[in-house]
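Here is how names work: the chains are called A, B, and so on, in the same order as the sequence lines, proteins then strands, and each is numbered from 1.
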Amino acid sequence: MIRLELQRLAKAFGAAQALSDVSLSASPGAVHAVLGENGAGKSTLMKILSGAEQPDAGELRLDGAAFRPTNPEVARRAGVAIVYQEPLFCADLTVRENILLGREPTRRGLLDRRASAQIAERALALLGQASSFDLSTPLRQLSPADRQLVSIARALSNATCRVLILDEPTSALTAADTQRLFGIVRRLAADGVTVLYISHFLEEVEQIASQYTVLRDGRSVATGLVAQTTRSELVSLMAGRTVTELFPRSARARGDVALEIRELSGKRSPTRASLTLHRGEVVGIAGLVGSGRTELLRAIYGLDARRSGAVLIDGQSVAAAPVALSRRKVGLLSEDRKGEGLAESLSIAENISLSGVASLGPYGLALPSHRRSAAARWIEKLNIRCRGPEQRARALSGGNQQKVALARLLEQDVDVLLLDEPTRGIDVGSRADIYRLIDELAARGKAVLMVSSYLPELVGICDRIAVMVRGRLGPARPARELSEHALLLEASG
Amino acid sequence: MSLALMNWLKKPWVGPLVALLGVYALFSALTPDTFLRTLNLVTMLRQTVVVAIAAIGAALIIIHGGIDLSVGSSVALTTVVVAKCLQAGMGPIPALVAALALGALAGLVNGALVVGLRITPFIATLGTMSALRGIAKGLADEQKIDAPAAGLDAWMAVIPGERLVPYGVWLALAAGVVGAVLLGYTRLGRHAVAVGSNELTARLCGVPVTRVRLTIYALGGLLAGLAGVLEFSTLTVGDPTDSVGLELETIAAVVIGGGSLAGGQGSVAGTLIGALLLTVIKAGCTHLGMPNWIQEILTGGIIVIAMTLDRLRQAARD
């Protein structure tokens, strides 16, 4: 008997084909791992299953019947529940309120506290955690692991949960909490729930999953039994192909040290990280989501507090403040394009001139005409598709937004670029433009430190690569000595 | 339509200006014999001066993502301080300087509460609103303070046949020009818009967010001080119970003028137009002999309509 069956699913967002051919089948009580690199299509697949997106083509079947959830509520009623990597909850509401948010039982128009307590308790009992929570504790007061359990309880509080999707559930958990979570997953599977388990951590997959399906470039390329497949085979299936022509490599002359970090520690991550970055060099940082790569860049740039260690620009130490680093010609491209990288409500011209209001006109006035002509230059140079410098950043596609964010650093004429996931979620054309730009910058003697989850681009564009595992930064080694396979193995270790 | 005209029509203050002219035309048509008189026009401008100057400060603060509820109290306190200074025999210029310094200091305190203690602007300035009002009442012994006007009254005076437009109106206009240039064409101004639009982005871009916030609050306070001096010029007494609710009028002026309480949007020109619109509605209703409560309902309606139109305009822009 088959609980969940997907046949040839396809989904495109604009020009980007997120899924092109995905098939999968899972039986009741199975823990089925969905594997793939970032950008392979896992999250799109989850969104389709949970009703947040509709497929362009293909078929879904749930216990043999056609299943086409048009929104998350429909999926939830059908018994398909999802727990996202970063669980959504209201920190000020209590455990009970969070579990029942949006479908609180009422009696004569008033909240039925007793019924809701029963539902919440039943859901927690399914997890075997009935007694470990006080239902009236605000979620704010719980640990990340407990919050996650609450969001799983929320997923289970439906009439009957048939399929539970866990998206990278352990990225915020400690080893002990991970084991507790595994116990719960096994218990649910024993009760007949089908669990789709999405993870990069292959050792976890080996512990918890019986079957696997590997996604690559929006296709399901392999499926099988975990017990009959080695970790190395899985990595090969995930990494797959090579794309060399995408990555130009001009002659780069390695110059003086531009940025040096010594024993840098942040609040949670990094832990005593050291690294040197030369002019005319691109250094990559590989690692899994949650390994602390972003925190490393933020600690360097002074956005997150430093606990100890030093950051030196051209041999002189700098205070941990974005203002200070910005003055020393260091720029950071945020991974959170919408939330931080851009002021979405401002125009392209305003965004590009944000750091370098330095390019002031007569009497120190910031003239709109200066802004516009600077923006027009970058629009042409970076091939930004837009209606003009006055268009708002909000209206642009992801790739073009990213180019605007990069143009800001270029307009500021920074010498050291800290790029956090510079190509996340953007189309192949824009990717190629950005790779070309990074290469050109390095050839011109700029220093680039880039974080990426997409291994082919790290191997393709970097001179040296360091791997980060749970807050610890390894040594930077020449990229030509490294393969995607080796990096993935090291990062999942 | 030519491109230049199209671009001009996209300016955020065009909508409020059309509304202002429309409302003005309406009242002129309803009471042509009194409303159209030059003296009425001048009176309306004169009545707008204090709100307008305070609203320029409010515009800077709201655009940079804050809010200031303490404006009314600050104005009242300033009238008291000016009166006290004059009473003590100080000249008008030292009294003016003292008032401006006090206003800026009050603004700086607001900024320090927001930046240093991380109190949300609404609550921080709610606190100073009460505190400043209390200080004003204490200083004045809960009474109006009579003082020699020492020439300050001339600033708001209309002298028929000689000086039709009081200095105060020109002063408000000048403050508007300075505010608009500051906001649109200086580093501080662009940084303020950036902070209001997305503080995280601004921080990332190396904008000194703390300094920007402190400066903007201090400037807002300075303008409140100036408004207070002109309020004294109008009243010619120091009144600790004056200008209750002025903060709401300034916020309304900013919002009618295209400002958003979420920050990042708004203009000084729009704010001045918004302040004028509020006055025209009040004056028009008075001319029509309408009771106060109708004026209030109308004002409320105008604010809601202005917001709706602004949302539509923005949707069209995107």
Minimum side-chain heavy-atom gap L204(B)-L303(A) below 4.5 Å: yes
Atom pair CG (L365(A)) and CZ (R187(B)), whose distance is rounded to the nearest 0.5 Å: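 Here the rounded value is 11.5 Å.
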Comparing G302(A), A324(A), P368(A) against chain B, the one with the most heavy-atom pairs below 4.5 Å turns out to be P368(A)
Under 4.5 Å, counting heavy-atom pairs only, tell me which of E340(A), Q412(A), E344(A) racks up the most with chain B.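 Max contact count across the listed options: E340(A).
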Checking L342(A) against chain B: side chain, backbone, both or neither under 4.5 Å from a heavy atom?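 Only the backbone of L342(A) comes within 4.5 Å of chain B.
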Could you go step by step and tell me if V193(B) and L346(A) meet the side chain to side chain contact (heavy atoms under 4.5 Å, CB included) rule? CA-CA 9 Å; V193(B) 176; L346(A) 297 184; 3.8 Å; yes
Listing request: all salt bridge (charged side-chain N to carboxylate O under 4.0 Å, His left out) pairs with a residue in residues 193-206 of chain B, at least two apart in sequence or in separate chains. E199(B)-R213(B)
Minimum heavy-atom separation for N198(B) to G339(A), with atom names? ND2-O, 2.9 Å
With chain A as the partner, which of G206(B), A262(B), C205(B) has the greatest number of non-hydrogen pairs under 4.5 Å? C205(B)
